[in-house]
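Keep in mind the model is a prediction, meaning the values are calculated, not measured.
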Amino acid sequence: MTMLEARGLTKRYGKHVAVKDLNLQLKKNECIALLGPNGAGKTTTLHMLAGLITPTDGMIMSDKKVLIKDKIGFLPQYPTFFDWMYPKEYLMLAGTLSGMTKKTLKERSLHVLEMTGLLEAQKRKIGAFSGGMKQRLGLAQAIMHQPKILLLDEPVSALDPAGRIDVMNILENLKKDMAILFSTHVLHDAEQICDKALIMKSGQSISYENMKEWKGNRQRKRYRLETSDPLQIEGLQKLYKEIDIKESQKIIGTLRHNVTPNMLLQYCIQQDIGIQYFGAEEKNLEEHYIEVMEG
């Protein structure tokens, strides 16, 4: 089932086009990452999908019907809080504004505090929370009303490594109950938990990656060769299918179909090439991202 679909989504501010003709599909229990540099249009896209700003052109639907806003939970990049409140009070206020009944507010607020690891901090005022705790409280607010779609703008950008891991683990569990779309600069996180990644540049989609296919394709091993003397690329081209020249004494590439690593080593020995390092190396998402952005 398609939980969220955008067709030809466009937002203009005068002559400036923040997002142009963007297409996106988010299915049930799917997680998609929006990737791109600052100014790529990620936040504007999320704000349009969340109903916070009106698109200039395009359509936003859910299962081929008009999207109902109460299906959406949204966490902005910089959530704001009432520091004098306790977390449970804050969540009950958020739930009330979302139209939740008094009967379910208390039970649900305790449940989401537990889900986000804040149950033991419920008697502390929000003003005493760390940045990571506030980020988790923002996430608790976003899921308070049990949305079917969760939209997150840079949910881990301000967190330390431990806080980032906590939030990503929470999102991994939330995937069982809802569809998730989040923007991030941390490509490793996208690779770990996302099903797809939409790479944006200058307001447009320039690449749509299926992460399962990506992980499968990268299993075609590349081999890094570092030597004490400059390499003669002409001879190595008979062994390498693709060569990425890092330096005159360092190359990374994919071997030809019938070439084994031992054959490459034997060639180096025969040519009296002094090997300093030789080993398999996977192509990571960061490298692919840079290639897409520069391409």
Side-chain angles (χ1 to χ4, degrees), residues 1-5 26-31 43 46-54 60-156 158-159 163 166-183 193:
M1 177 188 293
T2 300
M3 301 301 298
L4 179 65
E5 182 175 6
L26 180 65
K27 296 181 180 178
K28 186 176 181 181
N29 304 120
E30 187 175 54
C31 183
T43 294
L46 288 170
H47 282 191
M48 285 191 286
L49 296 175
L52 299 178
I53 58 176
T54 304
I60 301 172
M61 299 173 290
S62 177
D63 197 25
K64 299 184 179 180
K65 300 176 184 177
V66 176
L67 180 64
I68 301 172
K69 298 299 187 294
D70 62 10
K71 285 186 175 182
I72 293 176
F74 178 66
L75 174 64
Q77 184 174 1
Y78 304 109
T80 56
F81 305 94
F82 300 107
D83 287 347
W84 49 269
M85 274 188 165
Y86 293 96
K88 183 180 171 183
E89 284 182 292
Y90 176 76
L91 292 177
M92 290 182 72
L93 173 61
T96 300
L97 294 174
S98 297
M100 294 178 64
T101 64
K102 291 182 179 180
K103 183 179 179 181
T104 59
L105 278 173
K106 184 177 180 180
E107 182 181 345
R108 180 64 183 169
S109 62
L110 291 173
H111 180 62
V112 295
L113 284 173
E114 184 177 14
M115 286 177 65
T116 53
L118 294 172
L119 192 59
E120 293 183 1
Q122 62 174 307
K123 294 183 179 180
R124 293 170 59 182
K125 289 188 176 182
I126 297 172
F129 278 19
S130 67
M133 292 171 72
K134 287 183 176 180
Q135 198 75 0
R136 282 184 277 154
L137 182 59
L139 184 56
Q141 170 274 134
I143 63 175
M144 179 69 184
H145 61 297
Q146 296 181 284
K148 299 296 183 183
I149 303 161
L150 186 59
L151 306 178
L152 312 170
D153 192 1
E154 297 285 354
V156 297
L159 302 182
D166 285 344
V167 170
M168 298 313 293
N169 286 337
I170 293 168
L171 294 184
E172 185 73 52
N173 289 325
L174 288 175
K175 280 175 62 178
K176 302 169 186 175
D177 301 312
M178 58 192 72
I180 302 173
L181 174 67
F182 72 96
S183 65
I193 75 164

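Annotation: side-chain contact (heavy atoms from CB on, under 4.5 Å) contacts of Thr54 (sequence neighbours excluded): none. With sequence neighbours excluded, the residues that form a ring pair (Phe, Tyr, Trp, His ring centres under 6.0 Å) with Tyr90 are Phe81. For the side-chain contact (heavy atoms from CB on, under 4.5 Å) test, residues two or more places apart in sequence or in another chain that qualify with Ala94 are Gln141. For Lys125, the side-chain contact (heavy atoms from CB on, under 4.5 Å) test picks out Tyr86, with sequence neighbours left out.
Residue Lys27 places its NZ atom among 12 or fewer non-hydrogen atoms of other residues, nucleotides or ligands, all under 6.0 Å distant.
With Gln135 as the partner, the side chain to side chain contact (heavy atoms under 4.5 Å, CB included) test is satisfied by one option alone out of Leu75, Asp166, Leu152, Val156: Leu75.
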Practice task
Show your reasoning for whether side-chain contact (heavy atoms from CB on, under 4.5 Å) applies to Phe182 and Leu150.
Solution key: CA-CA 8 Å; Phe182 72 96; Leu150 186 59; over 6 Å; no
Exercise for the section: Assess whether side-chain contact (heavy atoms from CB on, under 4.5 Å) is satisfied between Lys175 and Asn29, documenting all intermediate values. Expected result: CA-CA 5 Å; Lys175 280 175 62 178; Asn29 304 120; 5.8 Å; no
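Between the CE atom in Met144 and the CG atom in Leu139 there is a gap of 13.0 Å [rounded to 0.5 Å]. Residue Thr43 holds its OG1 atom at 3.5 Å from CG of Asp153, rounded to the nearest 0.5 Å. Put simply, CG on Leu4 and OG on Ser62 are 7.0 Å apart, with the number rounded to the nearest 0.5 Å.
Counting only residues at least two apart or in different chains, side-chain hydrogen bond (donor to acceptor under 3.5 Å, both in side chains) contacts with residues 97-123 comprise Thr101-Thr104. Identified under the salt bridge (charged side-chain N to carboxylate O under 4.0 Å, His left out) test for residues 83-96, with sequence neighbours left out: Asp83-Lys134.
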